[in-house]
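For reference, the structure discussed in these notes is given below.
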Amino acid sequence: FGYAVTGCDYSERGCALARRNLEAAGIPGTILQKDLFTLSGKFDVIYSYGLIEHFTAPGTVLEKFVSLLNPSGGTLISLVPNLAGLSGLYNRLLKPETFATHRVVTSGELHRWHEEGGLHKIEVGALGSFVPFMFPRDKIRKEHPRLYRLLWATCLGPVTWSSNRACISLFRRFGIR
């Protein structure tokens, strides 16, 4: 799409992962290890996934995003994990340490926060749902190896394989690399 990619994460581990992902995808980019609130510059697109739900005052995060957007027409894409319904139940039961660090955000809240931040053309929805391959495989593999083999052979393996094949097929069909 012709964008210059710049990423920002406060953690060394997050930056290393982002650099590896860019390299694996063959995309040049710069990853900065710094606090979002110290970041400066103007950007055409800001993509944020899994950040705003960690703040008690999400408006401060959105204000920072807006200050970084190109005033001539920037786009903000901010996503939060779907922690409601089956996905939320999954995280509560099988990943309580992850659930404890997240705030459950409804689509209504997310929309309102963006509206209050002065953003327009807002569309919201849930990202993430309960899918079989979300199980904590390593934990189940170590603690219940027979159950894991049974689940993998009968359900997780075939579903994961077919999901991957479907995504690859769609990507090829629409020319996505």
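Worth saying up front: this structure is predicted, and the values here are computed from it rather than measured.
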Taking the side chain as every heavy atom from C-beta outward, state whether E53 and E109 have any pair of such atoms under 4.5 Å apart. no

Do I31 and I27 share a hydrophobic cluster (ILVMFWY, side-chain heavy atoms under 4.5 Å, transitive)? yes

State, yes or no, whether a side-chain contact exists between V61 and W113 at a heavy-atom distance under 4.5 Å. no

Main chain of T101, side chain of H54: is a donor-acceptor contact present, judged purely on distance under 3.5 Å? yes

Side-chain contact, heavy-atom cut-off 4.5 Å: Q33 with C8? no

Of the non-hydrogen atoms in P81 and G50, which two are nearest, and what is the gap between them? CD-CA, 4.3 Å

Can you confirm whether the side chains of H114 and S78 place a donor and an acceptor under 3.5 Å from each other? yes

What verdict does the salt bridge (charged side-chain N to carboxylate O under 4.0 Å, His left out) test give for R112 and E116, after you've listed the backbone C-alpha separation in whole Å, the side-chain angles of each residue and the deciding distance to 0.1 Å? CA-CA 6 Å; R112 189 181 79 247; E116 290 169 355; 3.3 Å; yes

Work out which heavy atom in D35 is nearest to a heavy atom in T38; give both atom names and the distance. O-OG1, 2.7 Å

Do S67 and K64 touch side chain to side chain, with heavy atoms closer than 4.5 Å? yes

Can you tell me how far the CG atom of L79 sits from the OG atom of S48, to the nearest 0.5 Å? 7.5 Å

Sub-4.5 Å side-chain heavy-atom contact between F55 and L62: no

Determine whether T75 and D44 make a side-chain contact, defined as any pair of heavy atoms from C-beta on separated by less than 4.5 Å. no

For residues T60 and A57, report the shortest heavy-atom separation together with the two atoms involved. OG1-O, 2.7 Å

In the structure I gave you, are the side-chain heavy atoms of L76 and L119 within less than 4.5 Å of one another anywhere? yes

Mind checking the CG-OH spacing from L36 to Y10? Nearest 0.5 Å is all I need. 12.0 Å

Quick one: does any side-chain atom of K42 pair with a main-chain N or O of G74 as donor and acceptor, under 3.5 Å? no

In Å, rounded to the nearest 0.5 Å, how long is the span from CG of L17 to CD of E12? 12.5 Å

Is the shortest side-chain heavy-atom distance between F65 and I52 below 4.5 Å? no

Kindly determine whether I77 and V45 satisfy side chain to side chain contact (heavy atoms under 4.5 Å, CB included), including the steps that lead there. CA-CA 8 Å; I77 301 167; V45 177; 4.3 Å; yes

